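Heads up, the thing below is written out as structure tokens.
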There are 2 protein chains.
Amino acid sequence: MYNLIRSLKALSDETRLRILNLLLERECCVCEVMQALNVSQTRASRNLGILYDAGFLKLRKDGLWSLYSIDRDGMAEYLPYLVDAVKKALKENRLVVQDRERLMKAERVGPGRVRQLRR
Amino acid sequence: MYNLIRSLKALSDETRLRILNLLLERECCVCEVMQALNVSQTRASRNLGILYDAGFLKLRKDGLWSLYSIDRDGMAEYLPYLVDAVKKALKENRLVVQDRERLMKAERVGPGRVRQLRR
DNA sequence: AAACTATAGGCATATATGCGCATATATAGT
DNA sequence: ACTATATATGCGCATATATGCCTATAGTTT
């Protein structure tokens, strides 16, 4: 029950739903998420962390990068229901479509590229 | 999307999950809910209101009583997923089992009975 | 009408949440 | 070792949330 509440809380936030939607597309590093959602690094990192703590995400380190992806196996039995709900609610959402477009252009870049996006 | 967030928030609370679980059983008035959950009248009423505002509940007035029940029709397309998730998470939960037992004994009573239960 | 009751709403308060800023940490390259 | 970069985190502020107390409202009973 408390797991469910924690999961629901983790999903009750626009930023986090948008992140989840990106990751349903593919694995992303923090800087890709911040580019795609056009949010600050703090915000991207924090909310990825919250989704991770709630058990939704897997984390893989690769050099400098933290690569987050949906943890399909780690999900408790009821979480698939939640993900279905999220998918249904997000499909066709204007904001989310923009996110995906920006994700196409986003790169896991070298020096100097990401910093410039920090507002 | 914002509807989903509102729904998730409405469900991210132990009291409200327990209430929802009662109402999955049958229609209840506020005083039955407070008896079954053993919580204050304010708390029962407020949280029923929150679930109502989120679109989960139907309200029917009968004299003094406000009778709340699950609004199966009024639910948006993704809400059934949420309800399934809730059902799965709550089944076998100790607290929730107690709630149901108290609900059996709870009555929509006349004068003097309910007041005594207010802590 | 008077007394009583179920429910809701205002107010005050405690707690939780989201976020930015600044900074710390970890890794890589020179 | 030094510099640059990606990510994480401590702190503080603003805001949201939950809840209890008290009171108002509307319906019931006598």
Side-chain angles (χ1 to χ4, degrees), chain A residues 2 5-19 27-54 57-69 106-119, chain B residues 2 5-19 27-54 57 59-68 106-119:
Chain A
Y2 300 102
I5 291 177
R6 219 166 38 113
S7 302
L8 292 167
K9 282 212 167 122
L11 295 181
S12 329
D13 179 272
E14 187 187 323
T15 306
R16 291 196 287 275
L17 285 182
R18 287 166 66 195
I19 287 177
E27 182 186 62
C28 293
C29 67
V30 179
C31 72
E32 283 173 320
V33 170
M34 59 184 279
Q35 289 171 76
L37 303 198
N38 196 31
V39 297
S40 73
Q41 182 264 328
T42 306
R43 197 162 155 185
S45 173
R46 276 254 164 67
N47 286 300
L48 280 162
I50 289 170
L51 286 169
Y52 179 82
D53 290 341
L57 305 186
K58 262 190 312 206
L59 172 56
R60 183 168 73 85
K61 297 273 193 180
D62 175 17
L64 280 181
W65 291 277
S66 293
L67 297 165
Y68 288 95
S69 55
E107 299 166 82
R108 228 186 327 146
V109 289
R113 302 283 297 280
V114 173
R115 286 261 167 204
Q116 293 167 25
L117 291 174
R118 292 194 192 165
R119 183 211 332 203
Chain B
Y2 299 103
I5 291 176
R6 220 163 39 111
S7 302
L8 292 165
K9 283 212 167 124
L11 295 180
S12 331
D13 178 273
E14 188 187 322
T15 306
R16 290 197 286 275
L17 285 182
R18 288 166 66 197
I19 287 177
E27 182 185 63
C28 292
C29 67
V30 178
C31 72
E32 282 173 320
V33 171
M34 60 183 279
Q35 289 171 77
L37 303 197
N38 198 30
V39 297
S40 71
Q41 181 264 330
T42 307
R43 199 162 156 185
S45 171
R46 278 259 163 61
N47 285 300
L48 280 162
I50 290 170
L51 287 169
Y52 179 82
D53 290 340
L57 306 186
L59 172 55
R60 183 168 73 85
K61 295 274 194 179
D62 176 17
L64 279 181
W65 292 277
S66 293
L67 297 165
Y68 288 94
E107 300 167 81
R108 212 160 14 121
V109 290
R113 299 283 297 281
V114 174
R115 286 263 165 201
Q116 295 167 25
L117 292 173
R118 293 193 193 167
R119 199 247 6 184

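Just so it is clear, the structure is predicted and the values come from calculations on it, not from any experiment. Numbers restart at 1 for each chain; the letters A, B, ... are given by sequence-line order, proteins then strands.
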Student check: side-chain heavy atoms of B/Ile50 and B/Asn47 closer than 4.5 Å = yes
Under 4.0 Å between a side-chain N/O of B/Ser66 and OP1 or OP2 of C/dA8, yes or no?
-> yes
Rounded to the nearest Å, what distance is computed from the CZ atom of residue A/Arg46 to the P atom of nucleotide D/dG10?
-> 8 Å
Rounded to whole Å, CG of B/Leu11 lies from C1' of D/dT17 at a distance of 16 Å
Starting at atom CD of A/Glu32, determine the distance to atom C1' of D/dT7, rounded to an integer number of angstrom.
-> 14 Å
Can you check the A/Arg60 CZ to D/dA6 P distance for me, whole Å?
-> 17 Å
Between C1' of C/dT27 and CG of A/Leu67, the distance in whole Å = 14 Å
Which sits closer to the 5' end of DNA chain D, B/Thr42 or B/Ile50, going by the nucleotide each is nearest to?
-> B/Ile50
If we ignore angles and hydrogens, is there a donor and acceptor under 3.5 Å between the side chains of B/Ser66 and B/Lys61?
-> yes
Close side-chain approach of A/Arg60 and A/Tyr68, heavy atoms under 4.5 Å = no
Let me know the distance between CD of B/Gln41 and P of D/dA24, rounded to the nearest Å.
-> 15 Å
May I ask you to say what B/Tyr68 touches in the nucleic acid, namely base, sugar-phosphate or nothing, with a heavy-atom cut-off under 4.0 Å?
-> sugar-phosphate
Taking only N and O in the side chain of A/Asn47, is any of them less than 4.0 Å away from OP1 or OP2 of C/dC19?
-> yes
Using only side-chain N and O atoms of A/Arg43, determine if any of them is under 4.0 Å from OP1 or OP2 of C/dC19.
-> yes
Atom-pair distance (CD1 on B/Ile19; C1' on C/dT7), nearest Å = 14 Å
Lys/Arg-Asp/Glu bridge criterion (N-O < 4.0 Å) met for A/Lys58, A/Glu27 = no
Taking only the side-chain nitrogens and oxygens of B/Ser45, find out if one of them lies under 4.0 Å from OP1 or OP2 of C/dA8.
-> yes
Under 4.0 Å between a side-chain N/O of A/Ser40 and OP1 or OP2 of C/dG18, yes or no?
-> no
Separation of A/Trp65 atom CH2 from C/dA28 atom P, in whole Å?
-> 9 Å
Would you say the side-chain atoms of A/Asp13 pair up with the backbone N or O of A/Arg16, donor to acceptor, closer than 3.5 Å?
-> yes
First of A/Lys9 and A/Leu64 reached from the 5' end of DNA chain C, by closest nucleotide | A/Lys9
Can a side chain N or O of A/Arg16 be found less than 4.0 Å away from OP1 or OP2 on C/dG18?
-> yes
